[in-house]
Protein chains: 2
Amino acid sequence: MSEPGPELEIVHLLRKVTVEFGLRQAEFAALHHMHSTDVRALICLLDAERAGTDATAGWLGAQLGLNSAGTTAVIDRLERLGHLTRTRDPRDRRRVLLAVDDRAVELGWAFFGPLIENTVAVLRDFDESETAAVRRFLYAAHRAVTSIP
Amino acid sequence: MSEPGPELEIVHLLRKVTVEFGLRQAEFAALHHMHSTDVRALICLLDAERAGTDATAGWLGAQLGLNSAGTTAVIDRLERLGHLTRTRDPRDRRRVLLAVDDRAVELGWAFFGPLIENTVAVLRDFDESETAAVRRFLYAAHRAVTSIP
DNA sequence: GTCCATTGTCTCGCCGAGCGAGATAATATG
DNA sequence: CATATTATCTCGCTCGGCGAGACAATGGAC
């Protein structure tokens, strides 16, 4: 190992971003009397909403890598804080649908908004081929990190 | 919110990568009877080693966002598993220097190696301006996510 | 229809990660 | 040499997350 390699630097950079981002999440969590997992849960739920998927308890648990007991606990906490609403699915009454409260979204923007804005700002100075390169790289990284073989 | 914006897609992509990467870390941790924090600790220590910084217990705690008690616990666990060695700093005998065992590095490579390789592979097809763009973007993201104001 | 396997969520009891408070030892500063 | 400061560790506790299993709704097979 420890072959320097110009490409490896980029991977290390990417990893550093993930590490630091994790710390920011933890700060946000502490600030609003939550835990990292709760924040990750909210993020997953917002992603689902954006994608038009309906988010059930089981689905959320899978996203977070929790078992059902842990998942119930996360949802309980978020519901108690008013960041979340449980609704039994009328089509399949075993399932519980989860909806993020608007207030929670606002809190998230207040904290992560500037951070996102700063990141996005750089992209505005990029030309077409450069943004394409970034997108292509991130897709590759996502695929690499998603495939489990 | 929910202004689509072509740049935002990239940020979401980046965030997805961080989320998935977190899950892979958790899998690696479980596989080797560790916890996510322990893996993050090892990563931080390897970064320090690569950078030539010497890693003390307190420094590690700061990187992980843990207090001293929690930090001691992490180090205890890693030492018990043989992934780590404690050494009292001869220059300042209050400090404890941490060194990652080679065996732990091998385990990490076995798991994350292919994942890194897949990511790096894409970069090989990139021309100079494209890799530069990726690097520039990641630097910006890192800066955005590191500044705490 | 009636049974039964399956699926989705929740309850209970326990383990242990991480915290706060404070002890201890080594180093600086007067 | 006394005292403040720094770095790490110990103790006791809280509570997130797990395994096991309960319970309800669903979808077959017959």
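Naming: A, B, ... by sequence-line order, numbering from 1 per chain. What's counted below: heavy atoms across the whole structure, side chains too, no hydrogens, waters or symmetry copies. Keep in mind that what you see is a predicted model, and the values were worked out from it rather than measured.
Set against D:dA25, D:dT10, C:dG18, the side chain of A:Arg93 has D:dA25 as its closest nucleotide. The side chain of A:Leu66 lies closest to D:dG17 when the candidates are D:dG17, C:dT9, C:dC19. Closest to the A:His35 side chain, of the nucleotides C:dT11, D:dG16, D:dT8, is D:dG16.
For A:Asp92 and C:dG8, a side-chain-to-base donor-acceptor distance below 3.5 Å is absent, hydrogens and geometry of angles not being considered. Taking only distance into account, the side chain of B:Arg94 meets the base of D:dT6 through a donor-acceptor pair shorter than 3.5 Å. No donor-acceptor contact under 3.5 Å links the side chain of B:Asn67 to the base of C:dG18.
Under the 4.0 Å criterion applied to side-chain N and carboxylate O atoms, B:Asp47 and A:Lys16 are not assigned as salt-bridge partners.
For the pair B:Arg88 (side chain) and B:Arg94 (backbone), a donor-acceptor distance under 3.5 Å is present.
Under a hydrophobic clustering in which Ile, Leu, Val, Met, Phe, Trp and Tyr are joined whenever their side-chain heavy atoms come within less than 4.5 Å, directly or via other members, B:Leu64 and B:Val96 fall into the same cluster.
Nucleic acid contact for A:Ala57: sugar-phosphate only, since backbone atoms but no base atoms lie under 4.0 Å from a heavy atom of the residue.
As a whole-Å value, the separation of B:Ile75 CD1 from D:dA7 C1' is 11 Å. We find that CZ of A:Arg88 is positioned 15 Å from P of D:dC23, with the value rounded to whole Å. Put simply, CG on B:Asp89 is 11 Å from P on D:dA7, counting in whole angstrom units. Atom P of nucleotide C:dG8 and atom CG of A:Leu60 are separated by 14 Å, given to the nearest angstrom. Distance A:Asp76 CG to C:dC10 P: 7 Å, rounded to the nearest Å. Separating the CG atom of A:Leu78 from the P atom of C:dC10 is a distance of 13 Å, rounded to the nearest angstrom. In this entry the distance linking CZ of A:Arg80 with P of C:dC10 reads 13 Å, nearest Å. For B:Glu79 and D:dT8, the CD to C1' distance is 13 Å, given to the nearest whole Å.
Checking the phosphate oxygens (OP1, OP2) of D:dC9, a side-chain nitrogen or oxygen of B:Arg86 falls inside 4.0 Å. Taking side-chain N and O atoms only, B:Arg95 has no distance below 4.0 Å to OP1 or OP2 of D:dC9. Close to D:dA7, at under 4.0 Å from its OP1 or OP2, lies no side-chain N or O of B:Ser68. Put simply, A:Arg77 has a side-chain N or O that comes within less than 4.0 Å of OP1 or OP2 on D:dG17.
For residues 113-145 of chain B, there are no ring pair (Phe, Tyr, Trp, His ring centres under 6.0 Å) pairs, not counting sequence neighbours.
Side chains of B:Val120 and B:Arg124 form a contact here, defined as non-hydrogen atoms less than 4.5 Å apart.
In terms of position on DNA chain C, the residue among B:Thr71 and A:Val96 whose nearest nucleotide sits closer to the 5' end is A:Val96. Comparing A:Gly65 and B:Leu97 against DNA chain D, the residue whose closest nucleotide sits nearer the 5' end is B:Leu97.
Between its two ends, the helix from C:dG1-D:dC30 to C:dG30-D:dC1 turns its axis by 20°, counting five pairs per end and rounding to 10 degrees.
Residues A:Arg77 and A:His35 bring no donor and acceptor atom of their side chains to less than 3.5 Å of each other.
Tested against A:Arg15 for a side-chain contact (heavy atoms from CB on, under 4.5 Å), the candidates B:Thr18, B:Ile116, B:Ile43, B:Leu138 yield a single pass: B:Ile43.
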